[in-house]
Amino acid sequence: MAAGSSNYWEDLRKQARQLENELDLKLVSFSKLCTSYSHSSGRDGRRDRYSSDTTPLLNGSSQDRMFETMAIEIEQLLARLTGVNDKMAEYTNSAGVPSLNAALMHTLQRHRDILQDYTHEFHKTKANFMAIRERENLMGSVRKDIESYKSGSGVNNRRTELFLKEHDHLRNSDRLIEETISIAMATKENMTSQRGMLKSIHSKMNTLANRFPAVNSLIQRINLRKRRDSLILGGVIGICTILLLLYAFH
């Protein structure tokens with residue numbers, strides 16, 4: 001009976017890890033699609049002014065369809081992973097499993113944290129994509145109005161051309177600043193998540209240290225190395241953020 005329960009738990013963990021790997025790959029592709037949408041929209045705008053016969057390999061409509069398809073796939077994977085986590089929770093609460101099994105509860109909490117992170121990342125990327133698409137649609141409407149006015153006048157207006165170039169420069173600067181801010185916000189969120197996880201681990205390690213004094217010295221050395229790694233990581237992230245901001249404003 002115990003062996004059967006153990007196999008059931010391992011099967012659930014295997015399913016959870018497989019779904020988490022699939023979600024990780026899907027979210028990376030989803031994020032790249034969001035980034036490429038903004039870049040391709042900017043290139044399409046410049047291409048339209050110089051040649052009306054050139055058609056992009058992947059236009060906005062195709063990317064919109066890809067976005068909808070990938071969003072549905074990711075939502076389905078999140079739903080399946082949620083179902084697996086629920087089954088794991090039911091298993092830990094079943095009568096045949098000791099209620100104080102810390103290892104099972106720790107594993108379940110880790111999978112729940114991963115699910116929460118993936119869900120947050122998906123909704124954030126989806127919101128960014130929608131904002132970029134709305135902004136590009138607005139910019140496209142303004143560009144069409146300008147081009148319509150320029151072609152209707154029948155005069156090669158140098159001032160209008162300079163205005164369009166300056167408009168592109170402002171858009172590029174705005175995009176670079178937004179990317180820098182997004183990177184900084186993502187870094188902050190990751191650091192916050194890691195800090196919470198480290199606090200949880202630290203609390204559990206202290207509990208083990210109180211129960212087993214023989215490993216107390218080992219835990220102290222681990223804590224010292226953890227603090228050193230955190231300082232190094234924080235310094236590297238700070239320097240990268242400062243360099244990105246300096247590059248963006250210069």
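- There is a path of hydrophobic side-chain contacts, each under 4.5 Å, that joins L108 to I114.
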Q) What do the steps show when you test D117 against H120 for side chain to side chain contact (heavy atoms under 4.5 Å, CB included), and what is the final call? A) CA-CA 5 Å; D117 292 340; H120 176 73; 5.8 Å; no

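- R80 places none of its side-chain heavy atoms less than 4.5 Å from the side chain of V84.
- Between the side chains of Q109 and D113, at least one donor N or O sits under 3.5 Å from an acceptor N or O.
- Although no hydrogens or angles enter the test, the distance criterion places a donor-acceptor pair under 3.5 Å between the side chain of S29 and the main chain of L25.
- Proximity of D168 to R171: side-chain heavy atoms (C-beta onward) are separated by under 4.5 Å at one or more points.
- Under a hydrophobic-cluster definition in which Ile, Leu, Val, Met, Phe, Trp and Tyr are linked whenever side-chain heavy atoms come within less than 4.5 Å, directly or via other members, Y8 and L81 are assigned to the same cluster.
- Applying the side-chain contact (heavy atoms from CB on, under 4.5 Å) test between L12 and each of H111, E90, K87, R17 identifies K87 as the sole match.
- Looking at heavy atoms from C-beta onward, M197 lies out of side-chain contact with R110 at the 4.5 angstrom threshold.
- The 12-atom threshold is exceeded at NZ of K226, counting heavy atoms of other residues, nucleotides or ligands nearer than 6.0 Å.
- For the pair T92 (side chain) and A89 (backbone), a donor-acceptor distance under 3.5 Å is present.
- A continuous path of ILVMFWY side-chain contacts below 4.5 Å connects M130 to I74, so both sit in one hydrophobic cluster.
- In terms of hydrophobic clustering, with Ile, Leu, Val, Met, Phe, Trp and Tyr side chains grouped at heavy-atom distances under 4.5 Å, I181 and L245 are assigned to a common cluster.
- Put simply, the side chain of T82 gets close to the backbone of L78: a donor and an acceptor are under 3.5 Å apart.
- Ring geometry for F67 against F129 counts as parallel: the plane angle stays under 30°, on a 0 to 90° scale with 60° as the upper cut.
- Side chain of N190 to backbone of A186: a donor-acceptor contact under 3.5 angstrom is found.
- For K124, the NZ atom is densely surrounded, since the number of other residues' heavy atoms within 6.0 Å is greater than 12.
- For S193 (side chain) and E189 (main-chain N/O), no donor-acceptor pair under 3.5 Å exists by modelled atom type.
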